[in-house]
Amino acid sequence: MVIHQTIGGRDTVLTAEDLAALRENLHEQRLFRQEQLRQFAAFSSDRAEDRRRREDAAQIEVGVKLAASARMVLADVEAALARMDCGQYGACHLCRRAVERHRLLIVPQARYCGRCQQVREAGR
């Protein structure tokens, strides 16, 4: 499968090799995040009471935020794999144009093209 994209007047192509590498990267990210969440869960359930006595609130908050971040990235990765499976991978969720190849190679779970991502970030 080759996804042909035209961006800013120049062609960009996601080759079958690109897609295979992106899928592999996403699978590796999923495994990493799942393991990370298992470790957070084991740490909090096994030592929750002892840890509360020894750690201050800031350290607990950092752990909670790291786990939330890991869950968000895992959801993004799984959504990207689902888009790949149904043939919608690489299309911007806002403008429906192709997400730039170089962007996908860096952030394979990207939902937005560079321009739409900038607009979203400017609106925050």
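Side chains are part of it too, since the values below use all heavy atoms of this structure and drop only hydrogens, waters and symmetry mates. Bear in mind that the values here come from a model prediction, so they are computed numbers and not experimental data.
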Do [X] and [Y] sit in one hydrophobic cluster, given that two such residues count as connected whenever their side-chain heavy atoms are within less than 4.5 Å of each other, even indirectly?
X: V107; Y: L81; result: no
X: Y112; Y: V73; result: no
X: F32; Y: M72; result: no

If we ignore angles and hydrogens, is there a donor and acceptor under 3.5 Å between the side chains of R115 and Q118? no

Distance from [X] atom [atom1] to [Y] atom [atom2], nearest 0.5 Å?
X: R101; Y: T15; atom1: CZ; atom2: OG1; answer: 6.5 Å
X: L74; Y: L31; atom1: CG; atom2: CG; answer: 9.5 Å
X: L26; Y: L19; atom1: CG; atom2: CG; answer: 10.5 Å
X: H27; Y: E78; atom1: NE2; atom2: CD; answer: 10.5 Å
X: Q36; Y: R71; atom1: CD; atom2: CZ; answer: 10.5 Å
X: D76; Y: R30; atom1: CG; atom2: CZ; answer: 13.5 Å

Can you give me the closest heavy-atom contact between [X] and [Y], atom names plus distance?
X: A98; Y: C113; result: O-CB, 4.0 Å
X: C92; Y: V99; result: N-CG2, 3.7 Å
X: A80; Y: P108; result: CB-O, 4.1 Å

Using the salt bridge (charged side-chain N to carboxylate O under 4.0 Å, His left out) criterion, which residues pair with [X]? Sequence neighbours excluded.
X: R103; value: none
X: R23; value: D85
X: E35; value: R38

Contact check, side chains of Y89 and L104, non-hydrogen atoms, under 4.5 Å: yes

Do the non-hydrogen side-chain atoms of L14 and L22 ever get within less than 4.5 Å of each other? yes

Give the intermediate values and the outcome of side chain to side chain contact (heavy atoms under 4.5 Å, CB included) for residues H93 and R83. CA-CA 11 Å; H93 281 216; R83 289 192 304 275; 3.4 Å; yes

